Number of protein chains: 2
Amino acid sequence: MTARHERASAILAVSTVIFALRTDEETAGVPQVWLPLVRRIREPFEGRWALPGGPLRVGEDLAYAAARTLNDTTGLTPSYLEQLYAFGDADRSPGAERVVSVVYWALVRSEEAERASVGENVAWFPADDLPELAFDHNVIVQYALWRLRTKMEYSRIAHAFLGERFTLAQLRAVHEAVLGKALDPANFRRTIEASGTVVATDEYLTGTPHRPPRLYRYNDSIDLADAGPLPRQQHPFEGRSA
Amino acid sequence: MTARHERASAILAVSTVIFALRTDEETAGVPQVWLPLVRRIREPFEGRWALPGGPLRVGEDLAYAAARTLNDTTGLTPSYLEQLYAFGDADRSPGAERVVSVVYWALVRSEEAERASVGENVAWFPADDLPELAFDHNVIVQYALWRLRTKMEYSRIAHAFLGERFTLAQLRAVHEAVLGKALDPANFRRTIEASGTVVATDEYLTGTPHRPPRLYRYNDSIDLADAGPLPRQQHPFEGRSA
DNA sequence: TCAAAAGTGTTCTCAGTACACCCATGG
DNA sequence: CCATGGGTGTACTGAGAACACTTTTGA
């Protein structure tokens with residue numbers, strides 16, 4: 001009949017797909033989407049790369065656990081964090097007990113991404129050229145990428161890759177990197193300005209070899225109105241510097 | 001550091017928000033969105049209405065568990081089932097141990113909804129006029145309703161409320177009920193026909209007090225392409241008749 | 001022949017796109 | 001003064017909204 005107080009027979013974990021823009025040496029200045037992965041140090045899939053994550057602690061909210069575990073493993077503090085999907089198919093962890101993973105996706109600013117701890121067991125990979133990952137993590141990353149691209153087109157998340165002030169060219173570069181195609185500068189400018197998501201400041205970026213572009217800032221007063229009626233929890237975890 | 005093999009300190013359950021269109025006596029033929037709820041028979045929130053659901057069984061996929069528990073409690077078989085969100089805030093189950101709920105939302109055809117078991121502990125409610133529910137279920141229903149409305153505008157889920165053959169007026173009535181506003185019949189027809197989501201049959205619905213409308217059917221050959229790269233699992237649970 | 005819904009045609013608006021062109025700065 | 005990206009103007013296109021109009025049935 002209805003729910004008994006049996007224990008659900010599953011381990012509950014939280015993982016996060018972290019996206020940042022990085023400029024590869026090869027791609028010569030054109031930023032691309034990268035993500036940090038951690039190497040597994042035990043079976044199953046020992047030695048394989050996997051999404052950062054960990055178990056949910058007592059009294060810890062899901063979003064908080066996502067932010068905490070990603071910080072523990074990569075040292076990063078995300079500027080955007082959103083739940084992606086709960087993966088719980090019975091066969092996703094062959095041999096071992098079934099794990100239900102509540103997966104989040106996160107964005108980090110480029111400056112923040114520089115500071116990330118890298119080492120033997122943490123490394124960055126281009127999002128559309130990954131090795132074979134542990135568990136079903138390849139599928140998960142694909143889905144997260146799809147969500148990132150889809151949401152980029154109707155939402156305001158691009159700002160989460162940038163700092164406080166930015167030029168429209170920088171904002172456009174974010175869109176281009178995520179969508180993987182060039183955008184018309186003139187039309188992009190008009191679309192963004194019409195949306196009211198950014199506000200022009202009276203500052204300009206100097207030192208360029210051409211006309212100095214105006215700096216803009218994020219317009220906080222605009223309601224996102226695209227995440228549905230779920231209560232906002234924009235920054236569930238304000239970084240704990242080591 | 002990374003995930004230990006500790007047990008996550010949470011009970012894992014699956015619940016479902018079930019939507020169907022019903023024609024109230026009061027609203028005189030205009031269908032509205034309704035949903036079935038079950039009455040809780042133990043603490044916490046004993047006596048309150050709640051979403052149907054239950055614990056996840058060993059070796060059972062999440063979507064399957066959603067379809068099974070909703071069938072167990074309401075007797076319904078959904079024509080559409082999709083994951084909504086994982087709710088796991090530490091304080092959502094006051095007093096009791098924290099429960100992480102993976103919530104699904106489902107659509108059932110009107111004929112199927114008629115057959116639903118109703119009784120002392122199962123009843124239907126209009127979706128936008130609910131009593132105070134157990135746990136955070138009011139918020140969950142609000143979110144599911146938002147998803148239903150959002151998805152209705154760019155996807156093909158409306159068919160899940162109807163049978164094999166239907167008129168465009170019936171399809172339009174589904175949209176109108178979900179969106180809560182009237183739509184222009186002429187423009188609706190053109191939009192739907194242009195989308196290629198339905199195919200005209202050479203049958204007509206007779207017995208109307210006016211010109212008999214043509215019957216259409218769902219176009220299976222069109223890819224939805226709106227759910228992202230997640231593997232399809234359209235009908236995880238093919239009803240188990242009691 | 002009339003009411004009512006099925007179905008068609010026409011126009012308007014607006015967002016997105018393509019692309020020509022001027023502006024301002026460092027070298 | 002010139003190369004380069006910043007920034008503006010303008011025209012084209014397609015989707016959606018508004019609404020007038022014709023068609024086909026039962027009563």
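Heavy atoms only: backbone and side chains are in, while hydrogens, waters and symmetry mates are out. Given the structure is predicted, the values throughout are model-derived calculations rather than measurements.
Residues Ser101(B) and Arg92(B) have side chains in contact (heavy-atom distance under 4.5 Å, counting atoms from C-beta outward). Asp128(B) has its side chain out of reach of Val33(B): every pair of non-hydrogen atoms, C-beta onward, lies at least 4.5 Å apart.
Listed by residue number, the members of residues 181-208 of chain B with any heavy atom below 4.0 angstrom from DNA chain C are Ala186(B), Arg189(B), Arg190(B). Of the residues in residues 159-179 of chain B, those placing a heavy atom less than 4.0 Å from an atom of DNA chain C are Ala169(B), Arg172(B), in numerical order.
Side-chain atoms of Ser79(A) come within 3.5 Å of backbone N or O of Leu107(A) as a donor-acceptor pair. Between the Asn219(A) side chain and the Val199(A) main chain, no donor and acceptor come within less than 3.5 Å of each other. Here the side chain of Ser155(B) pairs no donor or acceptor atom with the backbone of Met152(B) at under 3.5 angstrom. Remark: the backbone N or O of Leu76(A) is not paired with any side-chain donor or acceptor of Arg115(A) at under 3.5 angstrom. Side chain of Tyr104(A) to main chain of Ala63(A): a donor-acceptor pair is present (N/O by atom type, distance under 3.5 Å, no hydrogens or angles). Proximity of a side-chain donor or acceptor of Gln83(A) to a complementary backbone N or O of Ala86(B) within less than 3.5 Å is detected.
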Scan the side chains in residues 158-169 of chain A for donor-acceptor partners under 3.5 Å anywhere in the protein, sequence neighbours excluded, and list what turns up.
from	atom 1	to	atom 2	distance (Å)
Arg165(A)	NH1	Glu203(A)	OE2	2.4
Thr167(A)	OG1	Ala169(A)	N	3.4
Thr167(A)	OG1	Gln170(A)	N	3.1

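Between the side chains of Asn71(B) and Arg68(B), no donor N or O sits under 3.5 Å from an acceptor N or O.
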Identify the pairs formed between an N or O of the protein and an N or O of nucleotides 22-24 of chain D at a distance under 3.5 Å, and give each distance.
from	atom 1	to	atom 2	distance (Å)
dT23(D)	O2	Arg211(B)	NH1	2.9
dT24(D)	O2	Arg211(B)	N	3.4

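Remark: Trp49(A) pairs with Phe125(A) by the ring pair (Phe, Tyr, Trp, His ring centres under 6.0 Å) rule, at least two apart or across chains.
Reading DNA chain C from its 5' end, the first and the last nucleotide to sit under 4.0 Å from a heavy atom of chain A are dT17(C) to dG26(C).
Under the side-chain contact (heavy atoms from CB on, under 4.5 Å) rule, Leu51(A) has a single partner from Ile18(A), Leu37(A), Thr16(A), which is Leu37(A).
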